[in-house]
Amino acid sequence: MATAAEWIEGARPRTLPNAIAPVLAGTGAAASIDGAVWWKALLALLVSLALIVGVNYANDYSDGIRGTDDVRVGPLRLVGSKLASPTAVRNAAVLSLAIGAVAGLVLAVTTAWWLVVIGAVCLAGAWFYTGGSKPYGYSGFGEIAVFVFFGLIAVLGTQYVQALRVDWVGLLLAIGVGAFSSAVLVANNLRDIPTDTESGKVTLAVKLGDARTRTLHLVLLVAPFVISLALVARTPLALAGLLALPLAIRANAPVRTGKGGLELIPALRDSGLALLAWSALSALAVGLA
């Protein structure tokens, strides 16, 4: 029986910046057009957190029953390590996704009915990343999905439910957040190339190979800082986003120096911290403009 601490670790807390950052960015974008609504921002945060915890448990369940996590070099997996039954982990995933669905439904009812469709797409994306007979995470589409769901949809959705419109500032922030979020997954999948190849999980990293995956990580970390320069057209305060550059440099260090296995875990952590810092600084900058 898994302990509470092991359930928390199984929820993959290192990925929580991927949930918090888009809400910060979207709220800053909404504030920049005088549309911030704080209770909606909090509901959007609940949706985002519930979805990422849900998708993490769903991945644990689906990878565990397939045997993908039987040999791990990374953090704890509940099913793969046999600390929790597949049914218990599946139920935790369903509960988390249900919480996100209820909070999302409240936002849709108070904003626009068609957001229910977007929410349904997000729920399907969360489950079928590694679930179902043909999971898209096993076909190299994981990074694209993260970019879309935790970048474009999460940021622009957060802006829209508050301001009832989106703008170019929100779009640029969404691209920056999506790039950072994808970088977190790229670092994770770079670490797992040997075990994923052995288990038949064809991630983008497996398709690209070690060297090109390391280059992709660098490109994804550079992109948000280019966006900071572009956001100067909205406000010079956007240069504050560059203060997150040292974190991004630190995140890329294990990748560019050829580290592998457990030595790449700091790249995941620091990519997430860089994401959170850049999003908070950029949101504050455009929100104050």
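In what follows, residues are counted from 1 in the order of the sequence shown.
Inter-residue side-chain proximity for Ser62 and Arg90 is flagged as unmet; no heavy-atom pair is nearer than 4.5 Å. At least one side-chain heavy atom of Ser182 sits under 4.5 Å from a side-chain heavy atom of Phe147. Looking only at side-chain heavy atoms (C-beta outward), Val166 and Leu171 stay at 4.5 Å or farther from each other. For the pair Ile249/Leu221, no side-chain contact is recorded, criterion being any heavy-atom separation below 4.5 Å from C-beta on. The closest side-chain heavy-atom distance from Ile118 to Ile153 is below 4.5 Å. Under the 4.5 Å side-chain criterion, counting only non-hydrogen atoms from C-beta, Trp39 is in contact with Thr110. Contact of the Asn188 side chain with the Leu185 side chain is registered, since non-hydrogen atoms from C-beta on lie closer than 4.5 Å. Side-chain contact between Leu16 and Leu276: absent, with no pair of heavy atoms (C-beta onward) separated by less than 4.5 Å.
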Verdict with supporting geometry, Tyr160 and Trp114, ring-ring contact (aromatic ring centres under 6.0 Å, His included)
CA-CA 12 Å; Tyr160 184 84; Trp114 53 264; 5.2 Å; yes

Test ring-ring contact (aromatic ring centres under 6.0 Å, His included) on Tyr129 and Tyr136; report intermediate values, then the result.
CA-CA 5 Å; Tyr129 173 57; Tyr136 63 85; 5.6 Å; yes

Is there a side chain to side chain contact (heavy atoms under 4.5 Å, CB included) between Val184 and Arg14 once you walk through the steps?
CA-CA 9 Å; Val184 176; Arg14 287 188 182 89; over 6 Å; no

Please walk me through it: do Trp278 and Ser228 pass side-chain hydrogen bond (donor to acceptor under 3.5 Å, both in side chains)?
CA-CA 9 Å; Trp278 182 85; Ser228 291; 2.8 Å; yes

List the steps, then state whether side chain to side chain contact (heavy atoms under 4.5 Å, CB included) holds for Val202 with Lys207.
CA-CA 7 Å; Val202 186; Lys207 288 186 174 183; 3.6 Å; yes

Checking Leu237 against Val286 for the side chain to side chain contact (heavy atoms under 4.5 Å, CB included) test, could you report, in this order, the C-alpha distance in whole Å, the side-chain angles of both residues, the deciding distance, and whether it holds?
CA-CA 7 Å; Leu237 294 175; Val286 299; over 6 Å; no

Walk me through whether Leu268 and Arg191 qualify under side chain to side chain contact (heavy atoms under 4.5 Å, CB included).
CA-CA 10 Å; Leu268 278 75; Arg191 181 199 65 206; 3.9 Å; yes

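The two residues Leu190 and Ala205 have their closest heavy-atom pair at N-CB, 4.0 Å. When every heavy atom of Leu275 is checked against every heavy atom of Pro17, the shortest pair comes out as CD2-O, 3.7 Å. Nearest heavy atoms, Leu78 versus Ser81: O-OG, 3.4 Å. The minimum heavy-atom distance linking Ala11 with Val53 is given by the pair CB-CG1, 4.2 Å. A pairwise comparison of heavy atoms in Ala244 and Ala274 identifies CB-O, 4.0 Å as the closest pair. Considering every non-hydrogen atom in both Asn56 and Gly10, the closest pair reads CB-O, 4.5 Å.
Both Leu173 and Trp168 are assigned to one and the same hydrophobic cluster, defined by single-linkage of ILVMFWY side chains at heavy-atom distances under 4.5 Å. Cluster annotation: Ile175 and Leu218 are assigned to distinct hydrophobic clusters (Ile/Leu/Val/Met/Phe/Trp/Tyr, side-chain heavy-atom contacts under 4.5 Å, transitive). Taking hydrophobic clusters as Ile, Leu, Val, Met, Phe, Trp and Tyr residues chained together by side-chain heavy-atom distances below 4.5 Å, Leu247 does not share a cluster with Leu264. When the side chains of ILVMFWY residues are joined at heavy-atom separations under 4.5 Å, either directly or via intervening members, Phe180 and Ile144 end up in a single hydrophobic cluster. The cluster map of Ile, Leu, Val, Met, Phe, Trp and Tyr, joined by side-chain heavy atoms under 4.5 Å apart, puts Val146 and Val177 in the same cluster.
Leu245 contributes atom CG, which lies 5.0 Å from atom CZ of Phe225 (distance to the nearest 0.5 angstrom). Within the model, atoms CG of Leu172 and CG of Leu231 stand 5.0 Å from one another, a figure rounded to the nearest 0.5 Å. Annotation: the span from Ser181 atom OG to Asn18 atom CG amounts to 4.0 Å, rounded to 0.5 Å. Between the CG atom of Leu284 and the CG atom of Leu24 there is a distance of 10.0 Å, given to the nearest 0.5 Å. Ile52 contributes atom CD1, which lies 11.5 Å from atom OG of Ser96 (distance to the nearest 0.5 angstrom). Interatomic distance, CG of Asn59 versus OG1 of Thr130, reported as 3.5 Å (0.5 Å rounding).
With sequence neighbours excluded, the residues forming a side chain to side chain donor-acceptor pair (under 3.5 Å) with Glu6 are Thr3, listed by chain and number. By the side chain to side chain donor-acceptor pair (under 3.5 Å) test, Thr27 is found to be paired with Gln162, residues two or more places apart in sequence or in another chain being considered. Ser48 pairs by the side chain to side chain donor-acceptor pair (under 3.5 Å) definition with nothing, not counting sequence neighbours. When the side chain to side chain contact (heavy atoms under 4.5 Å, CB included) test is applied to Ile33, the partners found at least two apart in sequence or on another chain are Gln159, Ala163, Arg165, Asp167. In this structure Arg234 satisfies the salt bridge (Lys or Arg N to Asp or Glu O under 4.0 Å) test with no other residue, sequence neighbours excluded.
Through chains of ILVMFWY side-chain contacts below 4.5 Å, Leu204 is grouped with Val186, Leu208, Leu216, Leu220.
When atom types are taken as modelled, the side chain of Arg214 and the backbone of Val255 share a donor-acceptor pair closer than 3.5 angstrom. A donor-acceptor pair is defined here as one N or O able to donate and one able to accept, closer than 3.5 Å; such a pair exists between the side chain of Asp60 and the backbone of Val79. With hydrogens and angles disregarded, no donor-acceptor distance shorter than 3.5 Å links the side chain of Thr235 to the backbone of Val232.
Here Lys201 does not pair with Asp192 in a salt bridge; the nearest charged N to carboxylate O distance is not below 4.0 Å. Using a 4.0 Å cut-off between charged nitrogen and carboxylate oxygen, Asp270 and Arg250 count as a salt-bridge pair.
The local environment of CH2 in Trp113 is sparse, with at most 12 non-hydrogen atoms from other residues, nucleotides or ligands closer than 6.0 Å.
Looking at Val121, Leu51, Val55 one by one, the single match for side-chain contact (heavy atoms from CB on, under 4.5 Å) with Phe149 turns out to be Val121.
A side-chain N or O of Tyr138 and one of Asp63 form a donor-acceptor pair less than 3.5 Å apart. Between Thr111 and Lys40, the side chains place a donor N or O and an acceptor N or O closer than 3.5 Å (distance only, hydrogens not considered).
Ring geometry for Trp7 against Tyr57 counts as perpendicular: the plane angle is over 60°, on a 0 to 90° scale with 30° as the lower cut.
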